Trainee: 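Before I ask anything, here is the structure I am working with.
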Amino acid sequence: MLGRVLVYESAAGRIAGRVVEVEAYRGADDAASHAHRGRTARNAVMFGPPGHAYVYFTYGMHHCLNLVTEPRGSAAAVLVRALEPLDGLALMAKRRRGAERPRLARGPGNVARALGLTREHDGLDLTRGPLWISSRRPDRGGFRIARSPRIGIRRATDRTWRFYLAEHPCVSAPRRARRGRRRPRTGSSGGENFVDRRGPHP
DNA sequence: GTATCGATTAGC
DNA sequence: CTAATCGATACA
């Protein structure tokens with residue numbers, strides 16, 4: 001996904017952006033996943049065939065876009081956390097109350113907001129439009145791939161399933177850990193950054 | 001039935 | 001740090 005271009009051809013206009021930050025979520029084995037406790041009306045698309053959009057509503061005000069990645073019956077999806085805006089910047093800015101380019105689609109709620117995605121788009125087939133991933137070769141612009149724990153979750157925080165283009169201006173920087181009582185570190189290496197020298201997680 | 005929380009964000 | 005804001009989830 002990283003470096004690929006997401007395109008949305010809506011009635012309001014065409015929007016395109018390079019994927020620069022994602023997170024992986026799985027099913028029953030992933031306590032942080034919406035699919036952790038099985039299929040519901042909300043997460044049903046995650047259990048459907050791959051290549052579909054799972055759009056959920058959260059915090060009473062935000063939508064987030066996921067791309068379903070595994071075969072029917074096996075729940076898994078990739079959360080799109082940030083895009084580098086490439087096309088339709090004026091339209092995005094309008095929806096994002098005039099944010100500057102690096103912030104137009106930084107953060108999963110802002111991605112959906114900039115594209116105008118809601119629960120109505122839940123289940124869209126990415127192989128049939130109007131929302132799709134360009135088949136163009138991924139272009140990471142020389143930025144290396146880094147990984148970190150997923151953001152904003154409380155369970156399964158030891159899994160480093162957030163992947164992003166390091167130093168890319170459109171990537172949402174993870175909040176620094178709270179000061180005060182330090183949590184015992186579960187991982188191996190001490191954690192300055194999470195650069196992944198082995199490439200993406202399988 | 002009621003209480004709590006969340007794959008977030010903007011603002012102070 | 002917190003309010004915003006409501007669907008999903010937890011629990012009596």
Side-chain angles (χ1 to χ4, degrees), chain A residues 1-2 6 17 19-48 50 52-70 74-85 92-124 126 131 146-165 169-183 186 194 200-201:
Chain A
M1 286 293 305
L2 290 178
L6 180 73
V19 178
V20 296
E21 179 184 359
V22 294
E23 281 174 1
Y25 287 88
R26 297 205 303 204
D29 64 339
D30 182 2
S33 172
H34 290 168
H36 179 50
R37 285 171 225 77
R39 178 179 178 136
T40 66
R42 179 207 204 191
N43 66 20
V45 173
M46 278 188 80
F47 290 80
H52 288 245
Y54 166 46
V55 182
Y56 67 86
F57 180 63
T58 190
Y59 288 101
M61 62 189 81
H62 300 297
H63 292 273
C64 297
L65 168 68
N66 295 255
L67 311 182
V68 177
T69 53
E70 290 198 11
S74 178
V78 168
L79 172 68
V80 180
R81 285 196 58 93
L83 300 174
E84 175 193 335
M92 298 175 93
K94 185 176 163 189
R95 295 188 172 125
R96 289 275 300 117
R97 300 187 49 188
E100 298 298 316
R101 186 162 106 113
R103 302 200 162 189
L104 282 178
R106 177 194 290 175
N110 291 332
V111 169
R113 178 110 173 135
L115 270 59
L117 299 177
T118 69
R119 280 289 280 174
E120 294 179 13
H121 301 84
D122 185 49
L124 276 184
L126 301 174
L131 178 68
R147 69 191 299 178
S148 82
R150 294 171 291 184
I151 294 179
I153 57 168
R154 306 182 29 148
R155 292 172 297 192
T157 53
D158 55 318
R159 292 178 154 168
T160 56
W161 287 358
R162 168 175 176 255
F163 300 90
Y164 58 100
L165 300 187
C170 299
V171 166
S172 68
R175 278 195 187 184
R176 283 197 302 152
R178 282 195 200 182
R179 282 180 295 107
R181 210 158 280 164
R182 212 175 286 164
R183 298 255 208 106
T186 56
F194 295 91
H201 189 283

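Lettering follows sequence order; numbering is per chain, from 1. It should be emphasised that the depicted structure is a prediction, and the values quoted were computed from it without experimental measurement.
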Trainee: Side chain of A:Arg95, backbone of A:Ala112: donor and acceptor closer than 3.5 Å?
Mentor: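 Absent.
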Trainee: Is the backbone of A:Glu23 close enough, under 3.5 Å, to the side chain of A:Arg150 for a donor and an acceptor to pair up by distance?
Mentor: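 No, A:Arg150 side chain to A:Glu23 backbone: no donor-acceptor pair under 3.5 Å.
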Trainee: Can you find a side chain N or O atom of A:Arg150 that sits less than 4.0 Å from OP1 or OP2 on B:dT8?
Mentor: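 No, because none of the side-chain N or O atoms of A:Arg150 sits under 4.0 Å from OP1 or OP2 of B:dT8.
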Trainee: Checking side chain to side chain contact (heavy atoms under 4.5 Å, CB included) between A:Leu115 and each of A:Val55, A:Leu6, A:Val80, which is the one that passes?
Mentor: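 That would be A:Leu6; it is the only one of A:Val55, A:Leu6, A:Val80 passing the side chain to side chain contact (heavy atoms under 4.5 Å, CB included) with A:Leu115.
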Trainee: Reading nucleotides 5-12 of chain C 5' to 3', which nucleotides get B (base under 4.0 Å from a protein heavy atom), which S (sugar-phosphate only), which -?
Mentor: BB-S-S--
Trainee: Between atom NE2 in A:His62 and atom C1' in C:dA3, what is the gap in whole Å?
Mentor: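 It works out to 11 Å between those atoms.
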Trainee: Going by atom types only, do A:Ser148 and A:Arg162 share a side-chain donor-acceptor pair under 3.5 Å?
Mentor: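 Short answer, yes.
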Trainee: To the nearest Å, give me how far apart CZ (A:Arg81) and C1' (B:dT9) are.
Mentor: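 So the CZ-C1' distance, A:Arg81 to B:dT9, works out to 11 Å.
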Trainee: Please report the distance, rounded to the nearest Å, between OH in A:Tyr25 and P in B:dG6.
Mentor: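 Roughly 12 Å, once rounded to whole Å.
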Trainee: Minimum heavy-atom separation for A:Pro85 and A:Cys170, please, with both atom names.
Mentor: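 The answer is CD-SG, 4.0 Å.
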Trainee: Mind running a 4.0 Å heavy-atom check of residues 103-113 of chain A against DNA chain B and sending the residues that fall below it, in number order?
Mentor: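 Residues of residues 103-113 of chain A that come under 4.0 Å of DNA chain B are, in numerical order, A:Gly107, A:Pro108, A:Gly109, A:Asn110.
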Trainee: So which atom in A:Leu83 and which in A:Gly17 form the shortest heavy-atom distance, rounded to 0.1 Å?
Mentor: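 Nearest heavy atoms, A:Leu83 then A:Gly17: CD2-O, 4.0 Å.
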Trainee: Which of parallel (below 30°), tilted (30 to 60°) and perpendicular (above 60°) describes A:His63 and A:Phe57?
Mentor: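 Judged by the thresholds at 30° and 60°, the geometry between A:His63 and A:Phe57 is tilted.
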Trainee: State, with a plain yes or no, whether a side-chain heavy atom of A:Trp161 is found less than 4.5 Å away from one of A:Ile153.
Mentor: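 The answer is no; the side chains never approach within 4.5 Å.
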Trainee: Does A:Ile153 reach a base, just sugar-phosphate, or nothing at all? Heavy atoms under 4.0 Å.
Mentor: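 The residue A:Ile153 makes sugar-phosphate contact but no base contact.
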Trainee: Between A:Tyr54 and A:Asn43, is there a side-chain heavy-atom distance shorter than 4.5 Å?
Mentor: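 In short, these two side chains touch, coming nearer than 4.5 Å.
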Trainee: Is there a donor-acceptor pair under 3.5 Å between the side chain of A:Arg147 and the backbone N or O of A:Thr160?
Mentor: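 Indeed, once roles are kept as given, a pair shorter than 3.5 Å links the two residues.
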Trainee: Rounded off to whole Å, could you give me the CD-to-C1' distance for the A:Glu21 and B:dT8 pair?
Mentor: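 After rounding, the gap between these two atoms is 13 Å.
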Trainee: Classify the side-chain pair A:Arg103/A:Asn110 by whether it contains a donor and acceptor separated by less than 3.5 Å.
Mentor: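 On atom types as modelled, these side chains do not qualify, holding no pair under 3.5 Å.
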Trainee: Can you tell me the distance, in whole Å, between the CG atom of A:Leu79 and the C1' atom of B:dT8?
Mentor: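 Computing the A:Leu79:CG to B:dT8:C1' distance gives 11 Å.
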Trainee: Let me check I have this right: for DNA chain C, each base becomes ., (, ), [, ] or |, based on Watson-Crick or G-U pairs with both distances under 3.5 Å. What is the full string?
Mentor: ||||.||||||.
Trainee: In this structure, how many angstroms lie between the P atom of B:dT8 and the CZ atom of A:Arg162, rounded?
Mentor: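 Taking atom P of B:dT8 as the reference, CZ of A:Arg162 is at 11 Å.
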Trainee: How many Å lie between CE on A:Met46 and P on B:dA7, as a whole number?
Mentor: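 Going from CE in A:Met46 over to P in B:dA7 covers 11 Å.
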